[in-house]
Amino acid sequence: MKCKTKKIVMKVSMNCQKCQQKAFKIIAEADGMASVSFLGLGEERDIVVVIGEGVDACNLAKSLRKKFKTTDIISVADV
């Protein structure tokens, strides 16, 4: 069975550029991850968009919550 490509939008409480780098590293280790982008203005880039095949949104949020206090899944959609 072929996995569908999913677009996952999450809000992660990141305070600085270093936090974004830590979040990127955690997301990059996810299986099936194809691309990641941070949305927002300046240092307030707390919206993360992850696109990939077979990426598990719950496991990804759980991994991010270990490092960051709050991580909320905003949406998960097939692309």
Side-chain angles (χ1 to χ4, degrees):
M1 185 173 158
K2 187 177 178 188
C3 295
K4 291 186 178 182
T5 302
K6 295 190 183 285
K7 178 180 178 181
I8 303 165
V9 181
M10 296 185 289
K11 181 172 176 130
V12 183
S13 62
M14 297 179 283
N15 301 331
C16 60
Q17 185 71 28
K18 193 170 185 179
C19 293
Q20 289 178 358
Q21 291 172 348
K22 288 179 184 178
F24 184 82
K25 187 174 180 180
I26 292 168
I27 295 166
E29 292 173 357
D31 291 333
M33 198 277 302
S35 71
V36 61
S37 58
F38 295 95
L39 303 177
L41 300 171
E43 292 290 320
E44 294 296 318
R45 293 179 175 238
D46 57 354
I47 303 295
V48 180
V49 179
V50 179
I51 298 175
E53 273 190 37
V55 178
D56 187 351
C58 292
N59 284 341
L60 187 57
K62 191 176 182 180
S63 296
L64 286 166
R65 282 186 190 122
K66 289 178 183 176
K67 200 58 124 171
F68 303 98
K69 290 182 181 178
T70 57
T71 300
D72 299 319
I73 299 173
I74 297 172
S75 69
V76 179
D78 292 334
V79 177

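What you see below is based on every heavy atom in this structure, not just the backbone, and it leaves out hydrogens, waters and symmetry mates.
- Nearest approach of Leu39 to Val49, heavy atoms of both residues: CD1-CG2, 3.6 Å.
- Results of the side chain to side chain donor-acceptor pair (under 3.5 Å) test with Ser13 over Thr70, Asp72, Thr71 single out Thr70 as the only residue that passes.
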Evaluate side chain to side chain contact (heavy atoms under 4.5 Å, CB included) for Met33 paired with Leu60, printing each intermediate quantity in order.
CA-CA 10 Å; Met33 198 277 302; Leu60 187 57; over 6 Å; no
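- For the atom pair Ile73 CD1 and Ile8 CD1, the distance stands at 7.5 Å (nearest 0.5 Å).
- For the pair Phe68 and Lys22, the tightest heavy-atom approach, listed with the atom from each and the gap, is CZ-CB, 4.1 Å.
- Crowding of Asn59 atom CG: a count of heavy atoms from other residues, nucleotides or ligands under 6.0 Å exceeding 12.
- For the pair Ile27 and Leu64, the minimum side-chain heavy-atom distance is below 4.5 Å.
- With contacts defined as side-chain heavy-atom distances shorter than 4.5 Å, the pair Ile74/Ile47 qualifies.
- Interatomic distance, NZ of Lys11 versus CG of Asp46, reported as 4.5 Å (0.5 Å rounding).
- Shortest non-hydrogen contact noted between Gln20 and Phe38 is O-CZ, 3.6 Å.
- Although no hydrogens or angles enter the test, the distance criterion places a donor-acceptor pair under 3.5 Å between the side chain of Asp56 and the main chain of Cys58.
- To the nearest 0.5 Å, the span separating CZ on Phe24 from CD on Gln17 amounts to 11.5 Å.
- In this structure the side chain of Asp78 reaches within 4.5 angstrom of the side chain of Lys6, judged on heavy atoms.
- Of the inter-residue distances, the one linking Lys25 atom NZ with Ser63 atom OG reads 13.5 Å to the nearest 0.5 angstrom.
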